[in-house]
There are 2 protein chains.
Amino acid sequence: MTERNKCQQCAVRSQSLCNTIGSEAAGDLARIVHRLRVPEGRIIYGDHERSKTYSIIVSGVVKLVNTRPDGRHQIAGLQFPGDFVGRPYAATSNLTAEAATDLELCSFSGRVFEDLLAKHAELERALLQRILLDLDAAREWMFLLGSKSAEEKVSTFLSMIHDKMVLSGSLEVGAQGQSMIPLPLSRTEISECLSLRLETVSRQFSQLKSRGIIETSGRRQFRIIDMAALRAYSDAQSVSA
Amino acid sequence: MTERNKCQQCAVRSQSLCNTIGSEAAGDLARIVHRLRVPEGRIIYGDHERSKTYSIIVSGVVKLVNTRPDGRHQIAGLQFPGDFVGRPYAATSNLTAEAATDLELCSFSGRVFEDLLAKHAELERALLQRILLDLDAAREWMFLLGSKSAEEKVSTFLSMIHDKMVLSGSLEVGAQGQSMIPLPLSRTEISECLSLRLETVSRQFSQLKSRGIIETSGRRQFRIIDMAALRAYSDAQSVSA
DNA sequence: TCTAAACTTTGATGCGCATCAATGAAGTCC
DNA sequence: GGACTTCATTGATGCGCATCAAAGTTTAGA
């Protein structure tokens, strides 16, 4: 892929949707895109949303929330920079996509994007590949929800955040010992993501701190002191003490 | 869609992949398909499988198993008649697809099917739509794994089996009171699907029986006596007694 | 039909996390 | 900059499901 194939406007990382397609499709895509800033808490799509839009995240984090009639709710997925947000080919969705942090988006109006999908098979293929990755991730997360202990869940969550930061270029590989990493979610949101109560999440944070594996600063930042230990706790059974 | 557009060979239900595409693509697809019988327990793809194949299930159930180094494993999805089985665009998968029951498949060799995907955009679109449904289902199942009680999990599982039987035409709507429904999984497999222990699954079966909501016959058949109650227990909080 | 193996059910006990409750720290507004 | 509000931490207790253990049932094979 040559440099001019890349979408300069929303270039985030190489795997981004608009960087995996040819120049003609990319050109068409660039013509209909517009930049958008979205404040934390804003609903992007869901429930009673009529006007459909699709986006690629430039910066920030989107949470996909599964809300139930009885008030229980769960975060069914997090989308990071470079990820595609939207649900093509469906009038409604049981999920609500909400800005977990302030966002910058590359946004496409629903109708136009769908036409473009029909026009460029390669764009549709790129989308299919991306959705398949989301499906892999969802099935992997199912294992966490069903089979991991609270300790494993919180450790997995923190290393996942670290890995996403590295992937999106916001953090250098191996720099975790030095750099503070921003937490995109509150304790309550983390608990909804891991299917724990927030008290349990807090206790696991405390334990990881007391073991010297992580440090925290304020409510929204953490530093990984011992990455190897964090990874070990993420898939424990290995740890006996 | 006209009748001749339908793939007569593997026509299972209207949503099946080969029934949502045009006649030319369907013709090409029919030309490369071959029927295949697979005995229970056989691995369809996964782990160290080299030769890729894709299939549409004609009859039987496939389980997608997530196996971990430490021996824990979980069923990450079930595929029923009409469903697509395979993981395009990936050399490997962490999942193993295994015949939960004896199967009849419409099978496509990997290379040829991928060429066909590239040739017919409409086939790729149909696949994308199907994968999106799988993603919706996976995210819905995440809620079960993370947030439902053992009672809700088992009730949900049984009504899901019922619904799938109806969808695939093996059971008439509203006939649940009369007909025995075959269970495609053992207690152990059900427990791996719901992230419970098999003893807990068994206890929930017993409780549903003692309440007169279901009956069982042998290990692999059940009858739904009171569908409304079963549905209520599937999303409890509603039930207080 | 009898026997053995595999699977399922039922019972007793304990642990992990939820729940209830209170204190403490961090941002926000005047 | 002090008071308020929101969010996070820590503690005490209880319940749901895992775990350990044993008996019962179904299926297959001699």
Side-chain angles (χ1 to χ4, degrees), chain A residues 40-41 70-74 100-102 144-155 157-158 180 182-211 214-222 233 236-237 239-240, chain B residues 39-41 70-74 100-102 144-158 180 182-211 214-222 233 236-237 239-240:
Chain A
E40 180 183 330
D70 61 16
R72 289 186 285 190
H73 51 271
Q74 187 188 50
T101 67
D102 289 345
L144 175 140
L145 291 174
S147 306
K148 288 193 176 185
S149 67
E151 181 176 80
E152 290 173 292
K153 282 178 174 180
V154 172
S155 303
F157 178 82
L158 292 177
M180 276 292 172
L183 268 176
L185 304 182
S186 69
R187 296 289 183 277
T188 300
E189 289 172 313
I190 296 172
S191 76
E192 288 168 357
C193 205
L194 302 176
S195 283
L196 295 170
R197 305 325 303 280
L198 64 121
E199 296 96 325
T200 304
V201 172
S202 181
R203 275 183 247 271
Q204 295 303 328
F205 267 82
S206 301
Q207 185 137 65
L208 288 170
K209 280 191 280 187
S210 74
R211 283 171 173 154
I214 65 167
E215 282 175 2
T216 59
S217 164
R219 294 166 169 169
R220 292 289 191 135
Q221 286 194 301
F222 74 105
Y233 279 112
Q237 224 75 342
V239 187
S240 41
Chain B
E40 180 184 329
D70 61 17
R72 288 186 284 191
H73 52 269
Q74 188 188 48
T101 66
D102 290 344
L144 175 140
L145 292 174
S147 305
K148 288 194 175 185
S149 67
E151 181 176 77
E152 289 173 293
K153 283 178 174 180
V154 173
S155 303
T156 303
F157 178 81
L158 292 177
M180 276 291 172
L183 267 176
L185 305 181
S186 70
R187 297 289 182 277
T188 300
E189 288 171 314
I190 295 171
S191 77
E192 288 168 357
C193 206
L194 301 175
S195 283
L196 296 170
R197 304 326 303 282
L198 64 122
E199 295 95 327
T200 304
V201 172
S202 181
R203 275 183 248 271
Q204 295 304 328
F205 268 82
S206 300
Q207 186 137 63
L208 288 170
K209 279 190 281 185
S210 74
R211 283 171 173 154
I214 64 166
E215 282 174 0
T216 59
S217 164
R219 293 165 170 170
R220 292 290 191 131
Q221 286 194 303
F222 74 107
Y233 279 114
Q237 224 76 341
V239 187
S240 42

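As the structure is a computational prediction, the values presented were derived from the model and not from experiment. For the numbers below, each heavy atom of this structure counts, side chains included, while hydrogens, waters and symmetry mates do not. Letters A, B, ... are given to chains in the order of the sequence lines, protein chains preceding strands, and every chain is numbered from 1.
- For B:Leu183 and D:dT27, the CG to C1' distance is 17 Å, given to the nearest whole Å.
- Atom-to-atom, CG of A:Leu208 to P of D:dA8 comes out at 16 Å; the value is rounded to the nearest Å.
- Panel note: side chain B:Ser147, backbone B:Leu144; no donor-acceptor pair is recorded below 3.5 Å.
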Notebook entry, point to check: Given the rule in the side chain to side chain donor-acceptor pair (under 3.5 Å) test, do B:Glu152 and B:Ser149 qualify, once you have shown the distances and angles that lead to the verdict?
Noted result: CA-CA 5 Å; B:Glu152 289 173 293; B:Ser149 67; 3.2 Å; yes

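- The side chain to side chain donor-acceptor pair (under 3.5 Å) search around B:Thr200 returns none, not counting sequence neighbours.
- Note: CD (A:Glu192) to P (D:dC7) measures 12 Å, nearest angstrom.
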Within the sub-3.5 Å range, which N or O atoms of nucleotides 11-17 of chain D have a protein N or O partner, and how far apart are they?
residue	atom	partner	partner atom	Å
D:dG11	N7	A:Arg203	NH1	2.9
D:dG11	O6	A:Arg203	NH2	3.1
D:dA12	N6	A:Arg203	NH2	3.4
D:dC17	OP1	B:Ala150	N	2.8

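- One atom, CD of A:Glu40, and another, P of D:dT6, lie 15 Å apart when rounded to the nearest Å.
- Between the CD atom of A:Gln74 and the P atom of C:dA18 there is a distance of 13 Å, rounded to whole Å.
- If A:Val201 and B:Thr216 are placed on DNA chain C by their nearest nucleotide, the residue sitting closer to the 5' end is B:Thr216.
- Within 4.0 Å (heavy atoms only), A:Arg187 reaches sugar-phosphate atoms of the nucleic acid but no base atom.
- Under the 3.5 Å distance criterion, the side-chain polar atoms of B:Ser202 are left unmatched by any main-chain donor or acceptor of B:Glu199.
- Checking A:Leu185, A:Val154, A:Leu158 one by one against A:Ile190, the side-chain contact (heavy atoms from CB on, under 4.5 Å) holds for a single residue, A:Leu185.
- The distance between atom CD of B:Glu189 and atom C1' of C:dT8, rounded to the nearest whole Å, is 14 Å.
- Rounded to an integer number of Å, the gap from CG of B:Leu198 to P of D:dT26 is 17 Å.
- Sorted by first and then second residue, the salt bridge (Lys or Arg N to Asp or Glu O under 4.0 Å) pairs with a member in residues 182-195 of chain B read B:Lys63-B:Glu189; sequence neighbours excluded.
- For B:Arg219 and A:Lys209, each mapped to the nucleotide of DNA chain D holding its nearest heavy atom, the one lying further toward the 5' end belongs to A:Lys209.
- Considering only side-chain N and O atoms, A:Ser206 lies under 4.0 angstrom from the phosphate OP1 or OP2 of D:dT10.
- Summarising the geometry, the separation between CZ on B:Arg72 and P on D:dA18 is reported as 14 Å, rounded to the nearest angstrom.
- Under a 3.5 Å cut-off, the side chain of B:Lys209 and the backbone N or O of B:Glu215 do not form any donor-acceptor pair.
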